[in-house]
Colleague: 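My questions will all concern the structure given below.
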Amino acid sequence: MNTDMTRSDVRPTAPGFDTTIDGGPDQTLALERVVDAIVDDCCFAVGQGVGLRATLDFDAITYLCEHFRPKFLMAMRHFGNRWLEDRQTVTAVAMMLGERAVRYANGAATIGLDDVRRAAADVERYCQLHSARRTRGRGDANTEGATARIAGYWCTWDPKP
Amino acid sequence: MSVDQIDFIVNDCLLAAGQGIGTEKSVDFAAIAWWRDRYRRFFLHAITVLGNSYEADRARVTAVGRYLGQRALFHAASSPSIDLRAAELASHDVETGCRMNAVREGLSPGMPAATA
């Protein structure tokens, strides 16, 4: 893990900022930085969803970051940086993940790794169902790429690695 | 906890700040990016230079993170979202409190991240 990056140079500055990443070391590094910032944003939103009802174990937070970061990276590689367009939707899903984790903790003071795993599975399932429904609605049935695009950051699978 | 986990530590603290805000207001991306830049530097300094242990300090640090979120909520007042200005004011509040705490505990001032 790179420990000396700063994030100030990766902040998107224009609404609707949308860049297709075409590879190369510079672009890859830039993409990694953008994804780090997105993971931060999503962790923040998970916390909003949990509120002051419970604390989270550190390994649960580590799991969240390690689990979703590759998915975000994959989504960025396929569809470009659509974060400012998608942010509201994705952070809302992150809040939902927090809410689900609280529910799985079932009144405990601390949310553990298993609770977060189950919550993550819920939101991914939700995103897949939602994206499949929207894909059908658009007449793109059986188009895996179209479904992945709509599913976006949370449950992107890679049609063509 | 080693330096290579610094990003997880920052994520942990940002999540705690989000807890302090709750779902009442949204937060501008610029505010989160600013917090991340600022506290990543502080935490890195605390761990590498001052020798702090995040495992030992985690409960206290995340409690301060939640307080940071609550202060940002306060400074946002009636605004629909928490912007960079509210984030900066909240950080000022928290860091002032941390410096006072450091002095009270007999530590040298000017090391907010190390003691919070």
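Letters A, B, ... are given to chains in the order of the sequence lines, protein chains preceding strands, and every chain is numbered from 1.
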Colleague: Between A/Glu32 and A/Leu73 (side chain of the first, backbone of the second, donor and acceptor by atom type, cut-off under 3.5 Å), is there such a pair?
Modeller: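 It does not hold such a pair.
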Colleague: Does the plane of the ring in A/His67 sit parallel, tilted or perpendicular to the ring in A/Tyr63? Use 30° and 60° as the thresholds.
Modeller: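 A/His67 vs A/Tyr63 ring planes: parallel.
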Colleague: Less than 4.0 angstrom from a charged side-chain N to a carboxylate O is my criterion; do B/Asp28 and B/Arg85 meet it?
Modeller: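 No salt bridge links B/Asp28 with B/Arg85.
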Colleague: Is the closest side-chain heavy-atom distance between B/Leu14 and B/Trp35 below 4.5 Å?
Modeller: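 Sidechains of B/Trp35 and B/Leu14: in contact.
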Colleague: Check this for me, if you would: do B/Arg38 and B/Glu88 make a salt bridge, where the nitrogen-to-carboxylate-oxygen distance has to be below 4.0 angstrom?
Modeller: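 No, B/Arg38 and B/Glu88 are not salt-bridged.
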Colleague: Within a strict 4.5 Å, meaning less than it, do heavy atoms of the B/Arg40 and B/Asp7 side chains meet?
Modeller: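 Yes, at least one pair of side-chain atoms sits under 4.5 Å.
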Colleague: I'd like to know which of B/Val10, B/Val27, B/Ile21, B/Thr23 tops the heavy-atom pair count under 4.5 Å against chain A.
Modeller: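 With the most close heavy-atom pairs to chain A, the winner is B/Val27.
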Colleague: Between A/Thr55, A/Leu52, A/Leu64, which has the largest tally of heavy atom pairs under 4.5 Å with chain B?
Modeller: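 Of the options given, most contacts go to A/Leu52.
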Colleague: Taking C-beta and beyond as the side chain, do B/Thr62 and A/Leu56 meet within less than 4.5 Å on heavy atoms?
Modeller: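 B/Thr62 vs A/Leu56: side chains apart.
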Colleague: Could you look at A/Asp57 and say if it's the side chain, the backbone, both or neither that has a heavy atom under 4.5 Å from chain B?
Modeller: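 Contact with chain B: backbone only.
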Colleague: I need the B/Phe29 CZ to A/Ile38 CD1 distance, nearest 0.5 Å.
Modeller: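 So the gap between those two atoms works out to 6.5 Å.
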Colleague: With distance as the sole test, does A/Asp86 use its side chain to make a donor-acceptor pair with the main-chain N or O of A/Trp83 at under 3.5 Å?
Modeller: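 Pair absent, no side-chain N/O of A/Asp86 close to backbone of A/Trp83.
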Colleague: Is A/Arg100 salt-bridged to A/Asp115, cutoff N-O under 4.0 Å?
Modeller: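 Here A/Arg100 does not pair with A/Asp115 in a salt bridge, since their nearest N and O are not under 4.0 Å apart.
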Colleague: Using a 4.5 Å heavy-atom cutoff, which residues in residues 72-83 of chain B come close to chain A?
Modeller: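 Residues qualifying by a heavy atom under 4.5 Å from chain A are absent, so none.
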Colleague: Below 4.5 Å from any heavy atom of chain B, which atoms of A/Arg53 appear? Answer side chain, backbone, both or neither.
Modeller: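 Contact with chain B: none, neither part.
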Colleague: Anything in residues 43-51 of chain A with a heavy-atom distance to chain B below 4.5 Å? Please list those residues in order.
Modeller: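 Answer by number: A/Cys43, A/Phe44, A/Val46, A/Gly47, A/Gln48, A/Gly49, A/Val50, A/Gly51.
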Colleague: Do A/Arg125 and A/Asp122 meet the salt-bridge criterion of a basic N to acidic O distance under 4.0 Å?
Modeller: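 Salt bridge: yes.
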Colleague: Tell me, out of B/Gly20, B/Gly22, B/Gly69, B/Ala17, who's got the most heavy-atom pairs with chain A below 4.5 Å.
Modeller: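 With the most close heavy-atom pairs to chain A, the winner is B/Gly22.
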Colleague: Can you tell which part of B/Ala16 gets under 4.5 Å to a heavy atom of chain A, answering side chain, backbone, both or neither?
Modeller: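 Looking at B/Ala16, nothing touches chain A.
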Colleague: Looking at A/Arg87, A/Glu66, A/Met95, which one has more heavy-atom pairs under 4.5 Å with chain B than the rest?
Modeller: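 Among the listed options, the one with the most contacts to chain B is A/Arg87.
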Colleague: Should we say atom NE2 of B/His92 is surrounded by more than 12 heavy atoms from elsewhere, each under 6.0 Å from it?
Modeller: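 Check fails, neighbour count at 12 or below.
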Colleague: Does B/Tyr67 form a side chain to side chain donor-acceptor pair (under 3.5 Å) with B/Asp93? I'd like the steps, not just the answer.
Modeller: CA-CA 10 Å; B/Tyr67 182 58; B/Asp93 291 348; 5.9 Å; no
Colleague: Quick one: what part of B/Gln70 sits under 4.5 Å from any heavy atom of chain A, side chain, backbone, both or neither?
Modeller: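 Side chain of B/Gln70 only, per the 4.5 Å heavy-atom cut-off to chain A.
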Colleague: Measuring heavy-atom distances to chain B, does A/Thr91 have an atom under 4.5 Å in its side chain, in its backbone, in both, or in neither?
Modeller: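 Nothing of A/Thr91, per the 4.5 Å heavy-atom cut-off to chain B.
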Colleague: Distance alone, cut at 3.5 Å: any donor-acceptor contact between the side chains of B/Tyr54 and B/Asp12?
Modeller: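 Yes, because at least one side-chain N or O of B/Tyr54 sits under 3.5 Å from a partner of the opposite role on B/Asp12.
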